[in-house]
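See structure below.
Chain identifiers are assigned alphabetically (A, B, ...) following the order of the sequence lines, protein sequences preceding nucleic acid strands; residue numbering begins at 1 within each chain.
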4 protein chains.
Amino acid sequence: MSPKVSKEHKEQRRANILNAAKDVFIEHGYEHTTMKHIMDAANVSRGGLYQYFLNKEDVFETILEEDLQLNLNELEEVLREKVHSHWDLLLETIYGEERQPNDDMNSLAPSKLEFFITGRNDKRRREFGKARYYNGLKLYSAIIEQGQQKGEFCTKFDSDIIARSIIAFIDGLAFDHSILPKEDLKMKQQSALFRDYLKTILGVE
Amino acid sequence: MSPKVSKEHKEQRRANILNAAKDVFIEHGYEHTTMKHIMDAANVSRGGLYQYFLNKEDVFETILEEDLQLNLNELEEVLREKVHSHWDLLLETIYGEERQPNDDMNSLAPSKLEFFITGRNDKRRREFGKARYYNGLKLYSAIIEQGQQKGEFCTKFDSDIIARSIIAFIDGLAFDHSILPKEDLKMKQQSALFRDYLKTILGVE
Amino acid sequence: MSPKVSKEHKEQRRANILNAAKDVFIEHGYEHTTMKHIMDAANVSRGGLYQYFLNKEDVFETILEEDLQLNLNELEEVLREKVHSHWDLLLETIYGEERQPNDDMNSLAPSKLEFFITGRNDKRRREFGKARYYNGLKLYSAIIEQGQQKGEFCTKFDSDIIARSIIAFIDGLAFDHSILPKEDLKMKQQSALFRDYLKTILGVE
Amino acid sequence: MSPKVSKEHKEQRRANILNAAKDVFIEHGYEHTTMKHIMDAANVSRGGLYQYFLNKEDVFETILEEDLQLNLNELEEVLREKVHSHWDLLLETIYGEERQPNDDMNSLAPSKLEFFITGRNDKRRREFGKARYYNGLKLYSAIIEQGQQKGEFCTKFDSDIIARSIIAFIDGLAFDHSILPKEDLKMKQQSALFRDYLKTILGVE
DNA sequence: AATGAATGAGAATTCATTCAT
DNA sequence: GATGAATGAATTCTCATTCAT
């Protein structure tokens, strides 16, 4: 007895739900999204939704995990290739990623902050937060370390600490951007200053 | 004609509720706190609680406003006095205040982040967030500007932008600290790096 | 030990509360009026209000009773005097009284309807309703009966039944007027028709 | 793809709830009925009830609308058919309908009066009241007008005004009947008088 | 007498999750 | 597998009434 519905179909359906859910999370934020919102956006029944995911948390975690995986892949790819300028790579990594609040507010970033901060007392949620943090840490420190090894960056400061500071600054900007309109933030000028700062401590130019 | 209990008594009770509520918010976070939690912690009946505050948001906003007011008072006081070292004042302001996630996790900071980020789509909440941001901005930029005027800091960078970057970094640290245990953060070393950074762009020493 | 506050003062206070309460009932209706509304309107404290009245029902009943008493006094007075035209007296009684929804909507009539109809399952309330009804009945039938005795009205119909019909019609108009704006009711023309009707069955002219 | 239960089943359940709710409204009146009452009477859970109706008002309005629709259908039907006696039709319409407080007190009429009168300050509620009034008006005036056109009724009075007076009288009777026991009302005799009155102004016989 | 703080019962509403079909 | 009706726990908020001072 072969299954009524092919595995591909299920995968497709699952992916559809995740895409719709992502839009919903972006629109309403994590806390204020309900399973009903997701059902409606994904055009799936209540029961259907629960067939693929245990609950709202499960849906969000799945989206997170896929994002995380993308990051990791990217990192591997990036470091395997011949890197001409680690400085450019670093900037790309910072600015091309959603950790840097880009101009479009169609970003899941605020919901992620929400997810982690509202769940800070929950063991499972904290594990996720840790994974997210160390993932970013690995990404940035790998680039910096390689740059240092290649002699492109100076070794005055520990790559780990620099990476952490990058994360802190990016998270802060993401937070401020989440609650304030772009116009209020002078993002460009802050970014320029931050770039100067990185140049200084990495000994670039 | 005289009231049953003195005005002081009422103020006292109100303050008690706020204190208890603050503890509850610190323990459960903003979203997961219910009025019941506050009632129980403050040892006040449902009706009693609603006599003093409209709803959970009102309770939290009151706490925020008092904190904000403390900040403002402090700022005024600070700037009226003769300042020996604006650099010391700046560090004190950063590290002495809760904006810097201090060692004790008995801080309301995570709940504040939560409050603003979960309410980012709410007009009223955004106004509060804006007030919080500009309040901090005013505080830091006033110190920097005065330091620049006195010739203690160099004027290479705009005080406004530096202040914004300080806020972003502190918010980021607060966020990361909210979701990760202290041990994971190497806070001390990050702070040292940040201090160096500030020294550089302010031309201190 | 004479009382601190004179009896007159108490009476005055009580009357003040009743006046304020009446306005409140007119504005919000019976059901939607709260003790708080009355307190605020009467500028009296919660405890003060409860010193004079048991509850909202008690306040309203007191107002009703005073109205009822006015009616009764009027009736007695009216019937003791020499009546030139019972027809005119009847019209005056109908149109001069609030049972006829007059142009001004500053009438307690809708709240009275509300009071009786929402309380129709309550023994005490029903007794009041009965009193109100029989009071009106007595008023109208007395006039009609006297008119009949004096030969001014024909005796074709029982004065009791005519009086009841007058009440039904007036209550109906009051009800319709309570829920519809005056413009929708063509009150004048309805009244004219009703007057014609009464003339016919009373054999006037 | 097919729903768990048939559409009929859902309709059935909805109808069950409405029936149960109607009984509850008749027993407790509109204001004193709670959603809990309806839940218990309909044997449906809290959530179940809210799946079908938004709130108490919604439940009641649904009942009202269905009644209204019945009325309208009846009217159309009635006027399309060949009418032998418009006088009989008029009487039937008055006495067969709940607008006339019939002997059985199992009528929703008092709750309807309650619904409209307690909601007289509410825009939405007033719209409903208006619809109710004009619906009745249309019904009665259509019959009268047709009777006049056919020469069965005289045209001395405007059909519109007569219809309004019928409504006022019926509403008044309904009100009085709501708050007084039948025995107190001499309904029969009032009705007889009213019939006479109608005969007179319609020129019947 | 007067005050108004405090109480708590009760009503409304939402939403995650289950489960019969 | 899919559906969506049904459940009920959890929460918010209101208000009449009491009572210590």
Report task. Report the C-alpha distance between C/Lys112 and C/Asp67 in whole Å, list the side-chain angles of each, state the deciding distance to 0.1 Å, and finish with yes or no for side-chain contact (heavy atoms from CB on, under 4.5 Å). Result -> CA-CA 11 Å; C/Lys112 286 185 187 171; C/Asp67 272 22; 3.0 Å; yes
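Looking only at side-chain heavy atoms (C-beta outward), A/Arg126 and B/Ile179 stay at 4.5 Å or farther from each other.
The separation between B/Asn43 atom CG and E/dA5 atom P is 19 Å, rounded to whole Å. Rounded to whole Å, the distance from NE2 on B/His9 to C1' on F/dA20 is 10 Å. Here the P atom of nucleotide E/dA5 and the CG atom of B/Asn16 are 15 Å apart, to the nearest Å. Between the CD atom of D/Glu11 and the P atom of F/dG4 there is a distance of 15 Å, rounded to whole Å.
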Using residues 53-61 of chain B as the side-chain source, report each donor-acceptor pair under 3.5 Å to any protein atom, sequence neighbours left out, with the distance given to one decimal.
residue : atom : partner  : partner atom : Å
B/Asn55 : OD1  : B/Glu57  : N            : 3.3
B/Asn55 : OD1  : B/Asp58  : N            : 2.9
B/Lys56 : NZ   : B/Tyr30  : O            : 2.9
B/Lys56 : NZ   : B/Glu31  : O            : 3.2
B/Lys56 : NZ   : B/Thr33  : O            : 3.0
B/Glu57 : OE2  : B/Arg125 : NE           : 2.9
B/Asp58 : OD2  : B/Leu54  : N            : 2.9
B/Glu61 : OE1  : B/Arg124 : NE           : 3.4
B/Glu61 : OE1  : B/Arg124 : NH2          : 2.6
B/Glu61 : OE2  : B/Arg124 : NE           : 3.0

Would you list the atom pairs, donor with acceptor, under 3.5 Å between side chains in residues 14-21 of chain A and any protein atom, with sequence neighbours excluded?
residue : atom : partner : partner atom : Å
A/Asn16 : OD1  : A/Gln12 : NE2          : 3.2

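Take C/Asp122 and apply the salt bridge (charged side-chain N to carboxylate O under 4.0 Å, His left out) test, not counting sequence neighbours, and it matches no residue. The side-chain hydrogen bond (donor to acceptor under 3.5 Å, both in side chains) check on B/Gln51 picks up nothing, with sequence neighbours excluded. With sequence neighbours excluded, the residues that form a ring-ring contact (aromatic ring centres under 6.0 Å, His included) with D/His37 are D/His28. Listed by chain and residue number, C/Lys36 satisfy the salt bridge (charged side-chain N to carboxylate O under 4.0 Å, His left out) test with C/Asp40 (two or more places apart in sequence, or in another chain). For D/Gln69, the side-chain hydrogen bond (donor to acceptor under 3.5 Å, both in side chains) criterion is met by D/Asn73, not counting sequence neighbours. In this view, B/Leu70 satisfies the side chain to side chain contact (heavy atoms under 4.5 Å, CB included) rule with no residue, not counting sequence neighbours.
Side-chain nitrogen and oxygen atoms of D/Lys10 include none within less than 4.0 Å of the OP1 or OP2 phosphate oxygen of F/dG4.
For A/Ser111 (side chain) and A/Phe25 (main-chain N/O), a donor-acceptor pair under 3.5 Å exists by modelled atom type.
Stem regions annotated for DNA chain E: E:2-21 with F:2-21, counting only runs of 3 or more consecutive pairs of Watson-Crick or G-U type with both contacts under 3.5 Å.
Proximity of residues 30-41 of chain A to DNA chain E (heavy atom under 4.0 angstrom from any strand atom) is restricted to A/Thr34, A/Met35. Heavy-atom distances under 4.0 Å link DNA chain F to B/Arg46, B/Gly47, B/Tyr50, B/Asn55 of residues 45-59 of chain B, given in residue order.
Among the heavy atoms of the strands, none lies under 4.0 Å from D/Arg14.
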